[in-house]
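The block underneath contains the structure these notes are about, expressed in structure tokens.
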Amino acid sequence: MSLSFRAPLLFVAVLLFSLVSSTPLQAKPALLPRQQPQNSTLSVCSPLLNNLGSPTVLTPFEFEFRDAASSAWNLYNTLYTPTCIVHPRTVEDVSRVMKAIYDAGGVKYAVQAGGHSAMREWDTTDGGVLISFRNMANVSYDPVRDTINLQPGIRWGEAIGRLEPLGVAPLGGRLGDVGTGLLLGGGLSYLSARHGFSVDALVAADVVLVDGRVVTANATNEYSDLFRALKGGANRFGIVTRYEVKAIHVGTTEEKMMVGGSIVYDNSTTETLLRATANYVNNVDDPNSSILVIIGATLANNTVSPINIITFFYNGTLLPEGRANPYHEFMQITSLAVAIGSCSYAEANAVLGSGGDKGNGQIFGASAFGSAEYEISQGLAKDADESFEKYMNAYRAFNKFLDKAKGTPRPTPTGTPTPPIWPPPGFPIFPTFPAPKPPPVPTPPQYPGPFPTMPLPPIATSTIPGSTPTPFPPAPTWSQLTSVPPPTFPTTTSVPIPTTTPGPQTDAPNARRQETSSTRGPPTWSFPSSSTLMFPTPVPYPTPSTTPRPVPVQPISFIDDPEEDGISAALLAFTPVMKSQIEAGRRAGGNMMDPPLANFAFVQFHVTMPEWLGIVPKRVAEGRREVLNEMPPSNGLPLYMNECDAEQNVFETYGQYELLKRVYQKYDPTGLNVRFMKGPMGLGPSAKADHGRP
Ligand SMILES: Cc1cc2nc3c(=O)[nH]c(=O)nc-3n(C[C@H](O)[C@H](O)[C@H](O)COP(=O)(O)OP(=O)(O)OC[C@H]3O[C@@H](n4cnc5c(N)ncnc54)[C@H](O)[C@@H]3O)c2cc1C
């Protein structure tokens, strides 16, 4: 069949599809469009199909459509049915799509890169045009400019893995499956303290504007305002088709230029851990340091299994001694498991797993807590103790939420509750992390998994929340840990970069000679590697599965609480941001978040629903709101776009909100983006309008 016949056929076919979908006999309500395709959308999709052809443009009748429409990480974002899905191969393809949308006076559209947005419909669309970047997923290193070019469809794990043999990496996130959309929201990596938000490393970007024009924006050309607005402006300022970012010289896997890993604690440590976190935020200002603190819980059958985990990486081959060690306080807290050692940047980025598990509804919410010094200077707290109270408030609200959201026990065949498992299927953080086995008393938890030879401290005999734990013998000291002989890590295979021809030795600053593992001598163990950690081999990066997944059976909507439906997991995560990170951003020309020059912590509240539950129970939605009310951000601090809830007005918290609004007016004077694409509120005439809610 020639292409010219396809467009009218598409029109008829989609209409038929719509009719079928509205009959009561259809079996899978969740997967059918709730909003029927409008003629205007069809009038955009049909010529696109005609011009770009299949499979670049997919319609609901093509075999691959359902998989393409449901490739997002968040289950809720897999339940919408676009009218067509475009997988562009070039910037010209993207330009054509935007021009078609613009010429039609606007139709609903969405952009998807790595698909990890937790916000409903920010990376998919119900009845609109979805532009998905899976066919534009290259990465290359330019040794002359000492920069990395990323196409938007690449994921951080793959980009880092492919560049690893060259000893360079982009700043990205901390989990491999996440994609480049992270840059537009800021980006927090293990190297942020030195280099700023990941997007602060942006050198240039190719952007398709709302009317289809393609521009290259950098810090000094006529689009420098757009360039700056991209640093935090999310999906509002155009579609980025190429990111050129500074290459960070992180070394190869063999060179192991970092030290770090994870420590797992039971929940009797929570208050101490939160104090250590607050102290870190208050006192640490080491640009080599990074830490992520997680107060988490998994839930099953009315039972909550709490667990706390920190992951930290130090950008250096040795940790500073004694109190200069930024993690000193955390390492004094009695832990259940320690897995620390020398590692490379690529290995550090694989420690939390890929984060690629799909099939669960996910809900985010964000806050930001200032250091005691900041809070006192702003009159928000009178002393450090009062400033610390907000951590405890958040924790209390978190516990209240768990209680409310745990659901009622389902009867099991034996009549005994099924013990919860760690991690539950689809738990986004630490998907391969070892599990403490419930029940917590009186048997000490066992930790199977990748710590077989680790010198574990003895385990408490009681972990009942609120009970007095038996005093622990002291945890092993750092020097005890470091006396263990260096581990043998699995050898890493170098993966050639298909699209890059790294030049010979160049004059670029810090440019690294291309070497393979066979040309290099044995690695030097400058850090006495205590490691008992088996870092997952970061390359080659697995291709995302295309196996058809089960179909959820409930439509996405807020419904009355089904009593049994509890949540599957929840966490509070703290990422300290140091002055050095803020200064790095300012040195790079500034971003839209533009926080005050003070240490603070981004706080993320994250809820994972049971697999294939395509609803948000009212109880959970309300509980989420209560938690966010109980942990408001310290005045003057920005919220983090990538960890927020769609109902939070993140732009409004930005230091450069006024500038952001002006630049938006300039590049999208008709407001096409805020009228037709879901994304952060705050740039349109009203929060309701630009949030896309009815
Ligand atoms: C498991 C997990 C781990 C995470 N870890 C981190 C972390 O360590 N550090 C961190 O900073 N964040 C982290 N995040 C948050 C993450 O940065 C955001 O979810 C981010 O938006 C994901 O980008 P994406 O490309 O994967 O997602 P997508 O959903 O594809 O994109 C996110 C948003 O950006 C828009 N967008 C994407 N590409 C473009 C483009 N080319 N042009 C215009 N708009 C575009 C989309 O429309 C969407 O609104 C994590 C999230 C998850 C789920």
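One-based numbering, in listed order, for ligands and for the atoms of each.
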Query raised in the report: Are Glu121 and Lys108 close enough for a salt bridge, meaning some N to O gap below 4.0 Å?
Result: yes

Query - Ligand-side contact atoms (ligand 1) for residue partner Leu175, heavy atom cut-off under 4.0 Å - result: 3 (C), 5 (N)

Requested in this report: Report the member of Gly355, Ser71, Ser354 with the shortest heavy-atom distance to atom 1 (C) of ligand 1.
Outcome: Gly355

Query - Under 4.0 Å to a heavy atom of Tyr243 - the qualifying atoms of ligand 1, by number - result: 40 (C), 41 (N)

Query raised in the report: Between the candidates Leu182, Thr124, Val207, which shows the shortest non-hydrogen contact distance to atom 12 (N) of ligand 1?
Result: Leu182

Requested in this report: Report yes if some heavy atom in the side chain of Phe364 is under 4.5 Å from a heavy atom in the side chain of Gln604; otherwise report no.
Outcome: yes

Requested in this report: Please list, chain by chain and in numerical order, all residues satisfying side-chain contact (heavy atoms from CB on, under 4.5 Å) with Lys99, sequence neighbours excluded.
Outcome: Asp103

Query raised in the report: Nearest to atom 52 (C) of ligand 1 by heavy atom, His116, Gln112, Gln604: which?
Result: His116

Requested in this report: Provide the closest heavy-atom pair for Gln581 versus Leu188 in the form atom of the first, atom of the second, distance.
Outcome: NE2-CD2, 3.6 Å

Query raised in the report: What atoms of ligand 1 come closer than 4.0 angstrom to any heavy atom of Trp122?
Result: 46 (C), 47 (O), 48 (C), 49 (O)

Query - Contact check, Gly185 vs ligand 1, heavy-atom distance below 4.0 Å - result: no

Report task. State the atoms of ligand 1, each with its element, that fall below the 4.0 Å cut-off from a heavy-atom position in Ala113. Result -> 25 (O), 30 (O), 37 (C), 38 (N)

**Report entry** Test of proximity, Gly114 against ligand 1: N or O pairs below 3.5 Å
**Finding:** yes

Query - Side-chain donor/acceptor of Thr41 to backbone N/O of Val107, under 3.5 Å - result: no

Query - Contact atoms of ligand 1, heavy-atom distance to Ile239 under 4.0 Å - result: 42 (N), 43 (C)

Query raised in the report: Phe369 and Phe602: aromatic ring centres closer than 6.0 Å?
Result: no

Query raised in the report: Do side-chain atoms of Asn360 reach the backbone of Met609 as a donor and acceptor pair under 3.5 angstrom?
Result: yes

Report summary line: The answer for which part of Tyr190 has a heavy atom under 4.0 Å from ligand 1 is neither

**Report entry** Enumerated ligand 1 atoms positioned under 4.0 Å from heavy atoms of Asp123
**Finding:** 28 (P), 29 (O)

Report task. For Gly679 and ligand 1, answer yes if some heavy atom of the residue is under 4.0 Å from a ligand atom, otherwise no. Result -> no

Query - Taking every non-hydrogen atom, the tightest pair across Ser95 and Val208 - result: CA-CG1, 3.7 Å

**Report entry** Close-contact set for ligand 1 against Gly173 heavy atoms, below 4.0 Å
**Finding:** 7 (C), 8 (O), 9 (N)

Report task. Could you tell me whether Phe364 and ligand 1 have an N or O pair separated by under 3.5 Å? Result -> no

Query raised in the report: For Ser117, is at least one N or O under 3.5 Å away from an N or O on ligand 1?
Result: yes

Query raised in the report: Can you tell me if Phe197 has a non-hydrogen atom under 4.0 Å from ligand 1?
Result: no

Requested in this report: Verify the neighbour count for atom CZ of Arg213: are there more than 12 heavy atoms of other residues, nucleotides or ligands below 6.0 Å?
Outcome: no

Query raised in the report: Just by modelled atom types, is the Gly365 backbone N or O under 3.5 Å from a matching donor or acceptor in the Asp645 side chain?
Result: no

Query raised in the report: Does Tyr190 reach the main-chain N or O of Met258 with its side chain, forming a donor-acceptor pair under 3.5 Å?
Result: no

**Report entry** Heavy-atom nearest option to atom 46 (C) of ligand 1, drawn from Val111, Asn74, Asp206
**Finding:** Val111

Query - Contact partition for Leu184 relative to ligand 1, non-hydrogen atoms under 4.0 Å - result: side chain

Query - Any N/O pair Ala234/ligand 1 closer than 3.5 Å - result: no

Query raised in the report: Does the distance from a Lys or Arg side-chain N to an Asp or Glu carboxylate O, for Arg242 and Glu244, drop under 4.0 Å?
Result: yes

**Report entry** Shortest reach to atom 14 (N) of ligand 1 by a heavy atom, considering only Ile154, Val94, Val178, Ile131
**Finding:** Val178

**Report entry** Within the 6.0 Å centroid threshold, strictly below: Tyr327 and Phe312
**Finding:** yes

Query raised in the report: Looking only at distance, does Met677 have an N or O less than 3.5 Å from an N or O of ligand 1?
Result: no

Query raised in the report: With respect to atom 17 (O) of ligand 1, which of Asp357, Asn642, Val208 exhibits the smallest heavy-atom separation?
Result: Asn642

Query raised in the report: So, does Phe237 sit close enough to ligand 1 that a heavy atom of it is under 4.0 Å from the ligand?
Result: no

Query - Test: Arg96 and Glu92 ion pair at under 4.0 Å - result: no

Query raised in the report: Distance-only, no hydrogens or angles: does the Asn218 side chain make a donor-acceptor pair with backbone N or O of Val203 under 3.5 Å?
Result: no

**Report entry** ligand 1 N/O within reach of Ala118 N/O, cut-off under 3.5 Å
**Finding:** no

Report summary line: If we number the atoms of ligand 1 from 1 as shown, the ones under 4.0 Å from a heavy atom of Trp73 are 53 (C)

Report task. Anything under 30° is parallel, anything over 60° is perpendicular, the rest tilted; go ahead and classify Trp73 against His116. Result -> parallel

Query raised in the report: Below 4.0 Å from any atom of ligand 1, is there a heavy atom belonging to Gly238?
Result: yes

